[in-house]
Amino acid sequence: MTTRQADVIIVGGGIMGSATAFFLRQRGRSVILLERGLLGQQASGTNFGNVRRQGRFLPQLPLANRSLDIWRRLPQLIGEDVEFLASGHIRVCYGQDRVGMLEEYALAARTYGLDLEMFAGERMRARFPFLGPEVGAASYSPLDGHANPRLAAPAFGRAAAKNGAQIFENTEVEAISKQGDDFLVSATDGRLFKAPAMLVAAGAWADKLCLQFDEPVDLVARGPQMGVTEPVPYGLKTVVGVSSPRDEEILYFRQIPRGNIIFGGGGRGPAYPDLRRAYVMPKNTLNQLRQLRRLAPALANLNVIRVWSGIESYMPDDLPVMGPSARVSGLHYAFGFCGHGFQLGPGVGDVMAELIDTGLTTTPIEPFSISRFSKQKAVQAESVLDRFAEQE
């Protein structure tokens, strides 16, 4: 059987992998992208569609800013409209307990180029009259917005293919090894692929591939709890999200121009990567509807027409794995975005293409290195030894 070759092999055809394939072709690198199902079928296509920067881990904002710049020129860049709207995003809190936290975040975010405007009292009611009486304050990001997750990853994949990338859907990876200077990837149907550089962007399936290179990670698969209502007249252009220490209070919603209200949050459901299945828990949907009524009372009586879930990957510190391998030259990772990777997708693709092509990136990504897990294990081991020494 003929072995297909390229400069780079990407495993995983979500928005991270598809965007990386596109930007690698922009840099003249030949690319093979392997996807076990269809492009954007899992987390990249089943998420809420938030294109938000606020509320992120502050050192992640340079990456989010780079990504937003790409979102804003996406139709010209890839030749397709993925329904991105810079409609604004508000992050609200109930009562007064977390107002200080929102204000502190807004102040700190300015140093990263994110300008947020605080609203409270009558000024907030005048600007966002749909908010419920319990809402105490709102942090507004005017340049953030939303897009259609079902369109984004496939659009990047098509653009990459038009520029010469080799895209292989319904191709399940069985094993990866490094032989000399090249990575050899074998699919379950016997096909072979070869390249001197590799990117693992396989979402909830990435931990098994990392393990083949002795870089284990504590990845957990979970299912977002999503729903959509019947259409009503379009009027709520701003994306809304709740900041709360109580998971059951967290809710986000947005209205699309067709009139439907898309909502999510308030817990996650079970997900089974081996079965490619994730499930919505009815209790979560019922709680979301209660929270929606509390957050925006005018939406209380809408009919829900569909609920869904997907398979997302979560890391123990709620940060992604992104960057080069700590053990194997030529190997790179971009996975584990913990339910907040959609906005980052184009920026991740651009950064990873830059990193693979040049060995460096102008956007800092050090906090996301896979090496942090081996360091954590070393610290834990030292702590155990110290305790034994004290007992002796």
Side-chain angles (χ1 to χ4, degrees), residues 1-40 44 153-154 156-203 205-215 217 320-336 345-346 348-361 365 368-370:
M1 182 174 291
T2 302
T3 300
R4 295 181 178 269
Q5 299 188 41
D7 294 330
V8 185
I9 293 174
I10 300 172
V11 180
I15 194 169
M16 312 299 174
S18 297
T20 304
F22 172 79
F23 286 112
L24 280 169
R25 287 303 303 138
Q26 293 286 95
R27 292 174 171 271
R29 292 298 192 109
S30 58
V31 181
I32 292 172
L33 188 152
L34 309 176
E35 164 56 42
R36 66 181 298 168
L38 301 176
L39 296 185
S44 294
F156 267 111
R158 285 189 292 269
K162 288 177 183 177
N163 282 279
Q166 301 178 67
I167 310 291
F168 297 91
E169 295 181 304
N170 297 309
T171 301
E172 185 170 356
V173 171
E174 183 173 50
I176 304 174
S177 62
K178 190 169 187 185
Q179 300 182 1
D181 294 331
D182 290 321
F183 292 91
L184 185 64
V185 180
S186 60
T188 54
D189 60 8
R191 284 178 294 168
L192 299 174
F193 306 90
K194 188 177 182 181
M198 169 169 289
L199 171 65
V200 173
W205 294 266
D207 56 338
K208 293 183 178 180
L209 301 179
C210 294
L211 196 57
Q212 296 188 29
F213 294 100
D214 197 24
E215 292 187 292
V217 294
V321 174
M322 182 180 172
S325 163
R327 296 178 55 87
V328 182
S329 63
L331 178 62
H332 303 80
Y333 298 116
F335 67 87
V348 170
D350 196 21
V351 167
M352 294 310 299
E354 179 186 30
L355 181 62
I356 293 169
D357 184 45
T358 70
L360 299 170
T361 176
I365 58 172
F368 318 127
S369 171
I370 197 169

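Hydrogens, waters and symmetry mates are skipped; everything else that's a heavy atom, side chains included, is used. None of these values were measured; they are calculated from a predicted model.
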Next item on the list: Verify whether one side chain among S325 and E215 offers a donor that lies under 3.5 Å from an acceptor in the other.
Entry: yes
Notebook entry, point to check: Which value, rounded to the nearest 0.5 Å, describes the distance between I9 atom CD1 and L33 atom CG?
Noted result: 10.5 Å
Item checked: Heavy atoms from other residues, nucleotides or ligands near NZ of K208 exceed 12 (cutoff 6.0 Å) -> no
Check: What residues form a ring-ring contact (aromatic ring centres under 6.0 Å, His included) with Y333, not counting sequence neighbours?
Finding: F335
Next item on the list: State, to 0.1 Å, how close I10 and A21 come at their nearest heavy-atom pair, and which atoms those are.
Entry: CD1-N, 3.5 Å
Next item on the list: Say whether, by atom type as modelled, one donor and one acceptor occur between the side chain of R36 and the main chain of T171 under 3.5 angstrom.
Entry: no
Item checked: Pairs meeting criterion side-chain hydrogen bond (donor to acceptor under 3.5 Å, both in side chains) with involvement of residues 180-190, two or more places apart -> D189-R191
Note to self: To the closest 0.5 Å, what do you measure between CD1 (I176) and CG (L184)?
What the structure shows: 10.0 Å
Notebook entry, point to check: Can any side-chain N or O of E35 pair as donor or acceptor with the backbone N or O of G13 at less than 3.5 Å?
Noted result: yes
Checklist line | V328 and F183, any side-chain heavy atoms less than 4.5 Å apart | finding: yes
Checklist line | Point-to-point distance, once rounded to the nearest 0.5 Å, from CG of L34 to CD of Q166 | finding: 9.5 Å
Next item on the list: Please check if the side chain of S44 supplies one atom and the backbone of I15 the other of a donor-acceptor pair under 3.5 Å.
Entry: yes
Check: Is K178 close to S329 at the side-chain level, that is, under 4.5 Å between some pair of heavy atoms?
Finding: yes
Check: Is a side-chain N or O of R158 found less than 3.5 angstrom from the main chain of K162, in a donor-acceptor match?
Finding: no
Notebook entry, point to check: Once you round to the nearest 0.5 Å, how far does CG of L192 lie from OG1 of T2?
Noted result: 9.5 Å
Check: Roughly how far, to the nearest 0.5 Å, is CZ of F23 from CG of D357?
Finding: 13.0 Å
Check: With sequence neighbours left out, which residue pairs that include part of residues 321-336 fulfil the salt bridge (charged side-chain N to carboxylate O under 4.0 Å, His left out) condition?
Finding: D214-R327
Margin query: Would you compute the distance between atom CD1 of I32 and atom NZ of K194 and round it to the nearest 0.5 angstrom?
Written below: 11.5 Å
Margin query: Would the distance check show the side chain of N163 and the main-chain N or O of A159 forming a donor-acceptor pair, the cut-off being under 3.5 Å?
Written below: yes
Check: Sub-3.5 Å donor-acceptor pair from the side chain of S30 to the main-chain atoms of D7, do we have one?
Finding: yes
Margin query: If you define the side chain from C-beta out and look only at heavy atoms, does anything of T3 sit under 4.5 Å from F193?
Written below: no
